Number of protein chains: 2
Amino acid sequence: METKALIGALSALAHESRLGIFRLLVEQGPEGLPAGEIAARRRLANANASFHLKELAQAGLVKPIPAGRFIYYAANYKTMNDLVDYLTKNCCQGGVCDIACAPVIKRKRK
Amino acid sequence: METKALIGALSALAHESRLGIFRLLVEQGPEGLPAGEIAARRRLANANASFHLKELAQAGLVKPIPAGRFIYYAANYKTMNDLVDYLTKNCCQGGVCDIACAPVIKRKRK
DNA sequence: TCGAGGGTTCTATTATATTAGAAATATGGA
DNA sequence: TCCATATTTCTAATATAATAGAACCCTCGA
């Protein structure tokens with residue numbers, strides 16, 4: 001994942017509405033939810049939710065799944081994982097990690 | 001970690017200069033680096049680096065460590081871990097995770 | 001106490017993002 | 001075909017962030 005894409009993803013998540021939508025979809029699972037349902041659950045105007053979903057989609061964090069006149073949106077777990085990996089990789093030059101980045105280590109050790 | 005703080009952290013990272021600084025400090029380890037050294041390595045004007053370091057500090061992602069007339073900055077690994085945990089927690093309602101979020105699972109299983 | 005080095009703050013300019021509301025597109029059923 | 005539903009696109013107003021440069025503050029050593 002390139003820097004540009006990473007910044008796009010972080011930027012997309014750095015907003016109350018979009019972070020809320022993303023978390024909703026992460027918890028929801030791969031089936032996703034239709035745009036209208038997302039807007040309703042997050043209490044957003046449809047146009048506004050659509051705008052934010054587009055941003056998330058462009059950042060690769062969610063993907064649209066058309067189904068008749070509904071458009072389902074689902075979290076893109078690969079992007080999420082790439083992002084998390086990028087943020088935490090190579091920490092502490094491999095040295096003092098056991099102290100400083102203990103939780104990271106715990107995650108990384110399988 | 002509250003939503004406001006999370007958005008602050010994501011927002012702080014969603015910028016080329018700041019992401020670069022943060023990654024530099026994550027790799028550097030808990031001793032950190034002095035502000036001038038950070039500016040030099042990231043090829044930033046001092047005033048500009050100072051501005052971005054302040055943003056990162058306010059977001060809790062780095063912390064200043066004064067040492068004489070130097071100010072060292074070090075990554076705050078706790079915030080990094082909180083952020084990563086928040087983004088990935090409760091995914092897929094605990095159900096289909098083995099397929100969709102495999103890497104997340106791998107990280108979480110100790 | 002004075003000067004240099006190391007950082008930060010202030011100001012103004014420019015660029016970018018967010019929001020709401022209206023209009024537009026597309027699908028499926030009567 | 002026509003209408004209602006589901007969603008997106010457009011437009012304009014408003015708010016927020018990034019940058020450069022100048023001025024400022026603090027610490028150390030002569």
Side-chain angles (χ1 to χ4, degrees), chain A residues 3-25 28 31-76, chain B residues 3-25 28 31-76:
Chain A
T3 306
K4 276 261 182 181
L6 286 158
I7 289 167
L10 287 163
S11 189
L13 291 173
H15 186 283
E16 189 180 5
S17 301
R18 290 192 295 264
L19 183 59
I21 290 173
F22 179 71
R23 283 295 308 158
L24 173 64
L25 294 180
Q28 181 63 29
E31 325 80 35
L33 288 171
E37 176 73 15
I38 294 169
R41 290 219 205 166
R42 302 302 314 166
R43 306 231 172 90
L44 296 169
N46 281 2
N48 198 8
S50 181
F51 168 78
H52 290 306
L53 282 166
K54 197 175 91 180
E55 299 268 304
L56 286 167
Q58 278 175 346
L61 285 163
V62 306
K63 53 195 165 195
I65 306 169
R69 51 183 164 163
F70 293 83
I71 300 183
Y72 282 73
Y73 282 89
N76 186 345
Chain B
T3 306
K4 277 261 180 179
L6 286 157
I7 290 168
L10 287 164
S11 189
L13 291 173
H15 187 282
E16 189 180 6
S17 302
R18 288 192 294 261
L19 184 59
I21 290 172
F22 179 71
R23 283 295 308 158
L24 173 63
L25 294 180
Q28 181 63 28
E31 325 78 39
L33 289 171
E37 176 74 15
I38 295 168
R41 290 218 205 164
R42 302 301 316 166
R43 307 230 171 92
L44 296 169
N46 281 2
N48 199 7
S50 182
F51 169 79
H52 290 307
L53 282 167
K54 198 175 91 179
E55 299 268 306
L56 287 167
Q58 279 175 346
L61 286 163
V62 306
K63 53 194 165 196
I65 306 170
R69 50 186 163 163
F70 292 82
I71 300 183
Y72 283 74
Y73 283 88
N76 185 345

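Chain naming here is simple, since letters A, B, ... match the order of the sequence lines and numbering starts at 1 in each. On a predicted model such as this, the values are computed, not experimentally measured, just so you know.
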Quick one: which of dT19(C), dT9(C), dA20(D) gets closest to the side chain of S50(B)?
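From the listed options, dT9(C) comes nearest.
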
Let's see if you can work this out: which of dT7(D), dT8(C), dT19(C) has an atom nearest to the side-chain heavy atoms of F70(A)?
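Among dT7(D), dT8(C), dT19(C), the one nearest the side chain of F70(A) is dT7(D).
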
Indicate yes or no: at least one non-hydrogen side-chain atom of [X] is less than 4.5 angstrom from one of [Y].
X	Y	answer
R41(B)	L33(B)	yes
L53(A)	I71(A)	no
F22(B)	L13(B)	yes

Can a side chain N or O of [X] be found less than 4.0 Å away from OP1 or OP2 on [N]?
X	N	answer
N46(B)	dG7(C)	no
H15(B)	dA17(C)	no
R69(B)	dG29(D)	no
Y73(B)	dT8(C)	yes
H52(B)	dA17(D)	no

Along DNA chain C (nearest heavy atom to each residue), the more 5'-positioned of A49(B) and R18(A):
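Between the two, 5'-proximity favours A49(B).
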
Remember a base hit wins even if backbone is also touched, and classify [X] as base, sugar-phosphate or nothing at under 4.0 Å, heavy atoms.
X	result
A47(A)	base
Y72(A)	nothing
A35(B)	sugar-phosphate

Starting at atom [atom1] of [X], determine the distance to atom [atom2] of [N], rounded to an integer number of angstrom.
X	N	atom1	atom2	result
F51(B)	dT8(C)	CZ	C1'	13 Å
L10(A)	dA17(C)	CG	C1'	16 Å
I7(B)	dA17(C)	CD1	P	17 Å

Distance from Q28(B) atom CD to Y72(B) atom OH, nearest 0.5 Å?
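Going from the CD atom of Q28(B) to the OH atom of Y72(B) covers 10.0 Å.
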
